[in-house]
Amino acid sequence: MKLGALEAGGTKMVCAIGDETGKILDQVSISTLTPEETMPKIIDYFQDKDIEALGVAAFGPVDVNPESPNYGRILDTPKLAWRQYPLLSTLKEALAVPIKLDTDVNGSCLGEMTYGSAKGLDSVMYITIGTGIGVGIAIGGKLVHGMLHPEAGHILITPQTGDEEHCVCPYHKNCLEGLASGPSIEKRWGTKAVNLVDKTEVWELESEYLAQAIMNFILTVSPQRIILGGGVMHQEQLLPLIRKKVQEKMNGYIRTPELADMDHYIVPASLNDDQGILGCIRLAELSLK
Ligand code: ADP
Ligand code: ZN
């Protein structure tokens, strides 16, 4: 079965063709400019590919409620050209196939649950730490939507004294994204994260902030596994520090086999940065059910 996948990101649109086994047959990347420039290229790509369905994982905020008249519309994003853009209905009109859409991070969560390191589990969190911080959540096998969709990258954390000035979030003084995303690392330390490999204080602070957030997520959602992806997680020294700090902060408050085995509880993304595209493939398959 030929399935289409569109990972709609703020800097690039990844279009791919795959099948239900998770095999990716073709993939291209298109720069995210304005809808007028970018959408025709996306439609062009899929038009002659004979796909049976399309799955879309989109940057947010986006209307993810299939019952809503605005399903698949980008909402009030800081990317002004895309504000209120009817992404799903434009694709539907052009391609005339079933389409299922979710957030980019829910897409990655679904990709890992279907093909990756959360296979067989039904309550999972996927956290991306990159240009922003986003959190995809599945509970009982269902991707969580609720009122809109979770925006758990913006939960408040306790900053180190004086560190609020490094917060890059225009809305909050001390949210996780503002203090632990790639751009905030760059603002605080004066150079890109990739150049800070040997500075232990960078990763001590980064892991402290992420561990605070992850502890709150564990206590609120009770996921069976947590997957960490995104550019910043390419720093391999980070994951062991996060596991250790989460363990310390929990301080034995709850005891489960999962928490006793941190190495398999908090894990890296496992699909070579294809978790988003593979989630879209699964969304496409689900749109046919
Ligand atoms: P996006 O979030 O835009 O989809 P990424 O997940 O690649 O893209 O995140 C980009 C951010 O991650 C940038 O802030 C960049 O500095 C940071 N980053 C990318 N690669 C690395 C790396 N190897 N080590 C540390 N930080 C990285
Ligand atoms: Zn924020």
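In listed order, ligands and their atoms are each counted from 1.
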Student: For atom 4 (O) of ligand 1, is some protein heavy-atom partner under 4.0 Å away?
Tutor: no

Student: Keeping the roles fixed (side chain from Asn65, backbone from Glu67), state whether a donor-acceptor pair exists under 3.5 Å.
Tutor: yes

Student: Out of Thr11, Asp273, Val232, whose heavy atom sits nearest atom 17 (C) of ligand 1?
Tutor: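 The option holding the nearest heavy atom is Val232.
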
Student: Numbering the atoms of ligand 1 from 1, which are under 4.0 Å from a heavy atom of Gly182?
Tutor: 14 (O)

Student: In His172, the N, O or S atom nearest to the Zn ion (ligand 2) is which?
Tutor: ND1

Student: Output the list of atoms in ligand 1 that are nearer than 4.0 Å to some heavy atom of Ala193, sorted by atom number.
Tutor: 25 (C), 26 (N)

Student: At what distance, to the nearest 0.5 angstrom, does CD of Glu206 lie from CD of Gln235?
Tutor: 9.5 Å

Student: In this structure, which one of Leu101, Ile99, Leu54 forms a side chain to side chain contact (heavy atoms under 4.5 Å, CB included) with Lys92?
Tutor: Ile99

Student: How many angstroms lie between atom CG of Asn174 and atom CG of Asp163, to the nearest 0.5 angstrom?
Tutor: 10.0 Å

Student: Between Arg225 and Val124, is there a donor-acceptor pair closer than 3.5 Å when you use the side chain of the first and the backbone of the second?
Tutor: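 Not confirmed, Arg225 side chain does not pair with Val124 backbone.
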
Student: Could you tell me whether some N/O pair between Gly230 and ligand 1 is separated by less than 3.5 angstrom?
Tutor: no

Student: Is the side chain of Arg73 donor-acceptor paired with the backbone N or O of Val62 at a distance under 3.5 Å, no angle test?
Tutor: no

Student: So, does Glu112 use its side chain to make a donor-acceptor pair with the main chain of Ser117 at under 3.5 Å?
Tutor: yes

Student: For Ala138 and Cys109, which heavy atoms make the closest approach, and how far apart are they?
Tutor: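 In this case the closest contact between Ala138 and Cys109 is N-SG, 4.0 Å.
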
Student: Among all the protein's non-hydrogen atoms, which is closest to atom 25 (C) of ligand 1, and how far away is it?
Tutor: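 Checked against all protein heavy atoms, atom 25 (C) of ligand 1 sits closest to Gln235 NE2, 3.3 Å.
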
Student: Would you mind reporting whether Ile155 and Gln212 have side-chain heavy atoms less than 4.5 Å apart?
Tutor: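 A side-chain contact is absent here, since even the closest heavy-atom pair is not under 4.5 Å.
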
Student: Would you say that Pro61 contacts Leu148 through its side chain, given a criterion of any heavy-atom pair below 4.5 Å between the two side chains?
Tutor: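 A side-chain contact under 4.5 Å exists here.
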
Student: Can you list the ligand 1 atoms lying under 4.0 Å from a non-hydrogen atom of Pro183?
Tutor: 14 (O)

Student: Any idea which protein heavy atom is nearest atom 9 (O) of ligand 1, and the distance to it?
Tutor: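 Ranking protein heavy atoms by distance from atom 9 (O) of ligand 1, first comes Gly130 CA, 3.2 Å.
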
Student: To the closest 0.5 Å, what do you measure between CG (Asp19) and CD (Glu285)?
Tutor: 9.0 Å

Student: If we only count N/O pairs under 3.5 Å, is Thr131 in contact with ligand 1?
Tutor: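 So ligand 1 has an N or O lying under 3.5 Å from an N or O of Thr131.
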
Student: Just need the protein heavy atom nearest to atom 21 (C) of ligand 1, so name the residue and atom and give the distance.
Tutor: Gly231 O, 3.2 Å

Student: Any protein heavy atom at under 4.0 Å, with atom 15 (C) of ligand 1 as the reference point?
Tutor: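 No, no protein heavy atom sits under 4.0 Å from atom 15 (C) of ligand 1.
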
Student: I'd like to check whether Thr128 has a polar contact with ligand 1, where a contact means an N/O of the residue lying under 3.5 Å from an N/O of the ligand.
Tutor: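 No, since none of the N or O atoms of Thr128 sits under 3.5 Å from an N or O of ligand 1.
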
Student: State whether Cys169 contributes an N/O/S atom found under 2.8 Å from the Zn ion (ligand 2).
Tutor: yes

Student: Output the atom name for the N/O/S atom of His154 with the smallest distance to the Zn ion (ligand 2).
Tutor: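 Nearest N/O/S atom: ND1.
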
Student: Report the part of Ser181 in contact with ligand 1, treating N, CA, C, O as backbone and CB onward as side chain, heavy atoms under 4.0 Å; options are side chain, backbone, both, neither.
Tutor: neither

Student: What is the nearest protein non-hydrogen atom to atom 23 (N) of ligand 1, stated with its residue, atom name and distance?
Tutor: His234 CB, 3.5 Å

